[in-house]
Amino acid sequence: MTRNFQDGGRLRPIDLARGHGLSTQAIRNYEAAGILPDAERTRHDYRAYTPLHAQALRAFLALVPGHGHQTATLIMQAINRGTTEDALRLIDESHAQLIDDRRTLQAVEAALDDLGPVPQERGDTFVGPLARRLGIRPATLRKWERAGLVRPRRDPQTGYRVYCAADVRDALLAHQLRRGGYLLEQIAPLIAQVRSAGGVAPLESMLCDWHARLSARGRAMLTAAAALDAYLDGRPDPARRQAE
């Protein structure tokens with residue numbers, strides 16, 4: 001990163017921007033959003049950043065891939081206003097979400113392992129009991145039906161939806177995939193392939209991609225932790241300043 005040594009080693013907005021492939025407007029926006037601490041001003045009212053601002057920027061950019069832009073912003077805002085405990089709580093919640101996502105993937109894989117030929121005469125249920133089993137609203141099941149995820153038959157006398165064992169299997173699979181962040185339009189062709197192929201081979205590439213994305217998030221969180229720790233170490237200690 002290029003420093004402006006004509007002003008005591010301070011960094012100009014363009015110095016920060018060039019070092020990270022950003023625009024100077026992005027740097028100003030990050031400062032206005034509280035992602036960067038407030039910059040000092042020169043006697044000509046120009047912004048003057050420091051190496052600490054560069055550390056803050058590196059920390060934020062490292063946080064985004066693992067925690068997402070919104071959470072990364074909240075973390076930096078909390079640190080810059082002096083509420084580090086709030087930032088650490090956000091990081092803990094993000095890690096907990098990753099653990100939950102890993103468990104969801106394991107559940108999907110377990111559900112897929114259980115998929116197989118199901119007898120038509122077993123497993124019949126209605127929309128209410130199935131919705132309660134999945135922890136969703138009946139309206140959600142009807143929405144899934146319109147999207148082609150489930151295909152219940154209608155009772156000829158009552159007109160009620162009747163879900164056979166294969167429909168229950170498809171609903172369970174759809175529910176797990178939705179928890180994994182997949183959209184209805186992504187899930188429908190996958191379930192259609194499972195139906196037509198009679199197995200889960202069409203989903204293997206999706207599961208591999210899912211594993212890779214979770215691993216990438218985990219690695220990104222490790223990288224972000226190191227960058228954020230460096231920024232925290234470089235920040236002034238409020239307790240020390242009060243003691244002085």
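The residues of the chain are indexed from 1 along the displayed sequence. Because the structure is a prediction, the values reported are computed rather than measured.
The number of heavy-atom neighbours closer than 6.0 Å to CZ of Arg103, taken from other residues, nucleotides and ligands shown, is 12 or below. Within 6.0 Å of the CG atom in Leu222, the count of heavy atoms belonging to other residues, nucleotides or ligands exceeds 12. Surrounding CD of Gln70 are at most 12 heavy atoms belonging to other residues, nucleotides or ligands under 6.0 Å away. Around atom CZ of Arg219, no more than 12 heavy atoms belonging to other residues, nucleotides or ligands sit under 6.0 Å away.
Side-chain contact between His53 and Leu11: absent, with no pair of heavy atoms (C-beta onward) separated by less than 4.5 Å. In this structure, Ser94 and Met221 have side chains that are in contact, with non-hydrogen atoms separated by less than 4.5 Å. Taking the side chain as every heavy atom from C-beta outward, Arg133 and Val168 approach each other to under 4.5 Å. Between Leu228 and Ile79, some side-chain heavy-atom pair lies under the 4.5 Å cut-off. Looking only at side-chain heavy atoms (C-beta outward), Arg154 and Val162 stay at 4.5 Å or farther from each other.
Hydrophobic clustering (side-chain heavy atoms under 4.5 Å, transitive across Ile, Leu, Val, Met, Phe, Trp, Tyr) groups Leu105 together with Ile187. Side-chain heavy atoms closer than 4.5 Å link hydrophobic residues (I, L, V, M, F, W, Y) into clusters, and following such links, possibly through other members, connects Leu207 to Leu172.
Taking all atoms of both residues into account, the shortest heavy-atom contact from Leu149 to Ala188 is CD1-CB, 3.7 Å. Contact detail for Ala56 and Pro37: the closest heavy-atom pair is CB-CD, 3.9 Å. The two residues Met76 and Tyr231 make their nearest non-hydrogen contact at CE-CE2, 3.7 Å. The two residues Ala131 and Pro138 come nearest to each other via the heavy atoms CB-N, 3.8 Å. In plain terms, the two heavy atoms of Asp15 and Arg10 that are nearest each other are OD2-O, 4.3 Å. In terms of heavy-atom proximity, Leu141 sits nearest to Val127 at CD1-O, 3.6 Å.
Distance check, rounded to the nearest 0.5 Å: CG of Leu130 to OG1 of Thr125 gives 6.0 Å.
Under 4.0 Å is where a charged nitrogen must lie from a carboxylate oxygen, and between Asp101 and Arg213 no such pair does. Checked for salt-bridge contact, Arg89 and Glu93 meet the test: a charged N lies under 4.0 Å from a carboxylate O.
Neither side chain, Tyr182 nor Arg178, offers a donor N or O lying under 3.5 Å from an acceptor on the other.
No donor-acceptor pair closer than 3.5 Å links the side chain of Thr83 to the backbone N or O of Glu85. Without hydrogens or angle criteria, Thr73 side chain to His69 main chain gives a donor-acceptor distance under 3.5 Å. Not a single donor-acceptor pair under 3.5 Å links the side chain of Gln176 to the backbone N or O of Leu173. With Asn80 contributing its side chain and Gln77 its backbone, the two residues share no donor-acceptor pair below 3.5 Å.
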### Stepwise side-chain contact (heavy atoms from CB on, under 4.5 Å) test for Leu184 and Trp144
CA-CA 8 Å; Leu184 296 184; Trp144 290 359; 3.7 Å; yes
Considering only distance and modelled atom types, tabulate donor-acceptor pairs under 3.5 Å from the side chains of residues 22-35, sequence neighbours left out.
| residue | atom | partner | partner atom | Å |
| --- | --- | --- | --- | --- |
| Ser23 | OG | Ala26 | N | 3.0 |
| Gln25 | OE1 | Arg28 | NH2 | 3.2 |
| Gln25 | NE2 | Asn29 | OD1 | 2.8 |
| Asn29 | ND2 | Gln25 | O | 3.3 |
| Glu31 | OE1 | Arg47 | NE | 3.0 |
| Glu31 | OE1 | Tyr49 | OH | 2.6 |
| Glu31 | OE2 | Ala39 | N | 2.9 |

